[in-house]
Amino acid sequence: MNRESFAAGERLVSPAYVRQGCEARRSHEHLIRLLLEKGKCPEDGWDESTLELFLHELAIMDSNNFLGNCGVGEREGRVASSLVARRHYSFCPIFLLRFIHGIGRSGDIAAVQPKAAGSSLLNKITNSLVLDIIKLAGVHTVANCFVVPMATGMSLTLCFLTLRHKRPKAKYIIWPRIDQKSCFKSMITAGFEPVVIENVLEGDELRTDLKAVEAKVQELGPDNVLCIHSTTSCFAPRVPDRLEELAVICANYDIPHIVNNAYGVQSSKCMHLIQQGARVGRIDAFVQSLDKNFMVPVGGAVIAGFNDAFIQEISKMYPGRASASPSLDILITLLSLGSNGYKKLLKERKEMFSYLSNQLKKLSEAYNERLLHTPHNPISLAVTLKTLEEYHDKAVTQLGSMLFTRQVSGARVVPLGSMQTVSGYTFRGFMSHTNNYPCAYLNAASAIGMKMQDVDLFIKRLDKCLKTVRKVQNEDSDVSGVDNYDKTEDVDIEETALKLDNVLLNTYKDASS
């Protein structure tokens with residue numbers, strides 16, 4: 001209610017009570033006003049009542065929610081299904097005020113919609129808050145960013161297509177190898193030819209071959225290279241690319257540089273690499289996932305960069321309007337957390353990385369394995385599986401199956417010699433980021449939101465799986481004895497898993513004999 005409404009209410013209820021209610025509302029409105037004035041994430045997270053008030057006010061500004069609105073166009077915010085309507089309701093189940101019009105216009109995803117002032121304001125403030133968080137996370141000189149309702153791979157494709165207009169002769173993208181399908185397919189989908197640069201092994205780590213990158217630039221000719229496509233966040237033993245050195249190469253040869261920063265916002269190391277790369281050389285844009293960095297549903301990404309004009313070019317390349325759902329999800333999340341809440345999550349993630357590293361090191365040593373030494377990777381860890389390799393060539397992959405049946409998600413078991421064809425390109429040693437890594441291994445990552453109990457439960461279940469496999473490695477053991485394995489916890493999970501284990505392990509025994 002506005003002041004006139006409160007004044008009218010004083011004729012019905014004691015003015016003292018009404019004024020008290022008015023002051024309470026003003027405290028909510030004060031937070032909203034500060035947000036709109038400063039465009040920065042509040043230090044402390046908002047309570048749900050303030051969030052609901054803010055989103056309700058935004059939704060009222062969209063034409064589909066106008067009282068008496070008469071729509072005669074092709075896109076009037078009508079919804080056929082009541083279930084869909086409830087999914088998009090703006091915190092007002094009685095009136096079902098909905099963000100239906102989405103964001104942007106047909107020519108620019110960042111443009112303001114005349115029909116949807118509220119959704120447009122939502123879009124603008126969301127981009128402003130995300131920019132603030134990127135700065136807070138370590139990229140202090142970032143100039144602009146926008147949320148796009150596509151995951152990381154398609155967002156990278158949008159960046160490459162924008163560069164096509166600036167470099168019409170270019171047909172190649174130089175790409176230090178990382179075995180992740182979406183970033184490879186992003187180049188193919190954009191119509192370019194990836195030039196794969198194999199990594200070099202330094203100790204346990206796979207690192208960028210800078211000499212090979214520069215040699216390929218010279219061989220192809222700078223004008224024929226659309227960009228260098230580098231990576232920060234990745235699975236160990238692959239570590240982030242040498243961004244500073246790559247940025248210098250790009251600056252020296254006047255070649256654009258696009259960085260896949262998929263889940264790097266949560267890592268101060270990854271963000272520092274981007275900041276330093278922009279300081280000493282050239283980085284045109286860096287792309288990060290919303291779900292991986294901010295714990296929202298899959299379907300959105302952030303495209304950011306140091307040249308405001310270029311980031312605007314990318315936003316104008318997006319054809320048509322776009323869903324407002326990813327923007328709404330990240331807006332609600334950041335306002336709920338506040339900058340202090342997000343910083344706390346970043347701090348906890350670092351602590352969990354150290355804890356996971358220590359626990360994996362202890363467990364690996366108990367099984368005559370070792371934690372790979374990958375100090376340049378701040379998120380992912382890897383443990384060797386040499387003893388399983390020596391036992392049976394399929395034992396490594398089946399360890400992954402055993403973990404999955406025990407509801408362990410996210411762990412990757414990487415065998416030797418795996419072949420994979422992606423969009424017509426065949427990779428040897430796929431998932432290991434190189435043709436011939438010295439050993440098979442298991443990955444685990446400490447991502448934002450992980451808790452100590454997640455680590456403890458993972459270590460416990462991994463320990464069970466390794467013990468189960470080791471029983472079969474002993475020639476005197478009886479595979480049926482697996483059924484007697486300790487099942488004091490996770491009984492339902494373990495009973496189902498052990499039935500599958502018996503089938504797998506009998507197969508190993510027959511094969512090894």
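Just so it is clear, the model here is predicted, and its values are computed rather than measured.
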Over all heavy atoms of both residues, which pair between [X] and [Y] is shortest? Give the atoms and the distance, please.
X: Asn260; Y: His229; answer: CB-NE2, 3.8 Å
X: Ile178; Y: Ser233; answer: CD1-O, 4.1 Å
X: Ala322; Y: Pro149; answer: CB-CG, 3.3 Å
X: Ser267; Y: Pro378; answer: OG-CG, 3.1 Å
X: Ala285; Y: Cys159; answer: CB-SG, 4.4 Å
X: Ile103; Y: Ala324; answer: CG2-CB, 3.9 Å

Answer yes or no: is there a donor N or O on one side and an acceptor on the other, between the side chain of [X] and the main chain of [Y], under 3.5 Å?
X: Asn377; Y: Arg238; answer: yes
X: Thr208; Y: Leu210; answer: no
X: His257; Y: Arg282; answer: yes
X: Glu205; Y: Arg207; answer: no
X: Ser128; Y: Gly39; answer: yes
X: Asp204; Y: His373; answer: yes
X: Gln275; Y: Val142; answer: no
X: Asn340; Y: Glu43; answer: yes
X: Lys124; Y: Ala110; answer: yes
X: Thr126; Y: Leu122; answer: yes

Rounded to the nearest 0.5 Å, what separates atom [atom1] in [X] from atom [atom2] in [Y]?
X: Ile283; Y: Glu244; atom1: CD1; atom2: CD; answer: 9.0 Å
X: Phe160; Y: Ile188; atom1: CZ; atom2: CD1; answer: 10.5 Å
X: Asn144; Y: Ile134; atom1: CG; atom2: CD1; answer: 9.5 Å
X: Thr231; Y: Leu273; atom1: OG1; atom2: CG; answer: 12.0 Å
X: Thr333; Y: Leu129; atom1: OG1; atom2: CG; answer: 11.0 Å
X: Ser339; Y: Leu334; atom1: OG; atom2: CG; answer: 10.0 Å

Does Thr157 form a side-chain hydrogen bond (donor to acceptor under 3.5 Å, both in side chains) with Lys185? I'd like the steps, not just the answer. CA-CA 9 Å; Thr157 295; Lys185 291 175 73 175; over 6 Å; no

Kindly indicate whether the side chain of [X], heavy atoms from C-beta on, has any atom under 4.5 Å from the side chain of [Y].
X: Glu198; Y: Asp209; result: no
X: Ser446; Y: Arg349; result: yes
X: Cys145; Y: Ile303; result: no
X: Leu136; Y: Lys343; result: yes
X: Thr162; Y: Phe310; result: yes
X: Thr374; Y: Pro237; result: yes
X: Asp291; Y: Tyr263; result: no
X: Glu313; Y: Ile311; result: no

Go through Phe294 and Ile133 one step at a time and tell me if the side-chain contact (heavy atoms from CB on, under 4.5 Å) criterion holds. CA-CA 10 Å; Phe294 301 104; Ile133 290 296; 3.7 Å; yes

Show your working on side-chain contact (heavy atoms from CB on, under 4.5 Å) between Phe235 and Met431 and close with a plain yes or no. CA-CA 9 Å; Phe235 296 118; Met431 292 202 308; over 6 Å; no

Answer yes or no for Arg177 and Phe427: cation-pi contact, defined as NZ/CZ to six-membered ring centre under 6.0 Å and angle to ring axis within 45°. no

Would Phe286 and Phe306 satisfy ring pair (Phe, Tyr, Trp, His ring centres under 6.0 Å), going step by step from the backbone distance to the final call? CA-CA 9 Å; Phe286 55 102; Phe306 301 91; 5.7 Å; yes

Checking side-chain polar atoms at under 3.5 Å, does [X] have a donor or acceptor matched by the opposite partner on [Y]?
X: Gln288; Y: Asn293; value: no
X: Ser268; Y: Lys350; value: yes
X: Thr50; Y: Glu48; value: no
X: Arg25; Y: His28; value: no
X: Asp62; Y: Ser119; value: yes
X: Asn436; Y: Arg428; value: yes
X: Thr421; Y: Thr426; value: yes
X: Ser120; Y: Asn123; value: no

is_close_aromatic(Tyr425, Phe430), centroid dist under 6.0 Å: no

Answer yes when Arg26 and Glu29 have at least one side-chain N-carboxylate O distance shorter than 4.0 Å, and no when they do not. no

Is any NZ, NE, NH1 or NH2 atom of the basic residue among Arg242 and Glu214 found under 4.0 Å from an Asp or Glu carboxylate oxygen of the other? no

Kindly check if the number of other-residue, nucleotide or ligand heavy atoms within 6.0 Å of [atom1] ([X]) is above 12?
X: Lys269; atom1: NZ; result: yes
X: Glu351; atom1: CD; result: yes
X: Phe66; atom1: CZ; result: yes

With ring pair (Phe, Tyr, Trp, His ring centres under 6.0 Å) as the test, would you mind laying out the steps for Tyr437 and Tyr441 before giving the verdict? CA-CA 10 Å; Tyr437 195 73; Tyr441 56 87; 5.6 Å; yes

Evaluate the side-chain contact (heavy atoms from CB on, under 4.5 Å) criterion for residues Leu331 and Leu55: first the C-alpha distance (whole Å), next the side-chain angles of each, then the deciding distance (0.1 Å), finally the verdict. CA-CA 10 Å; Leu331 176 65; Leu55 294 173; 4.2 Å; yes

Assess the residue pair Ile255 and Val217 against the criterion (side-chain contact (heavy atoms from CB on, under 4.5 Å)); give the C-alpha distance rounded to whole Å, side-chain angles, the decisive distance to 0.1 Å, and a yes or no. CA-CA 9 Å; Ile255 295 173; Val217 169; 3.5 Å; yes

Does the plane of the ring in Phe184 sit parallel, tilted or perpendicular to the ring in Trp175? Use 30° and 60° as the thresholds. tilted

Applying the side-chain contact (heavy atoms from CB on, under 4.5 Å) test to Pro42, which of Leu335, Asp132, Leu31 qualifies? Leu335

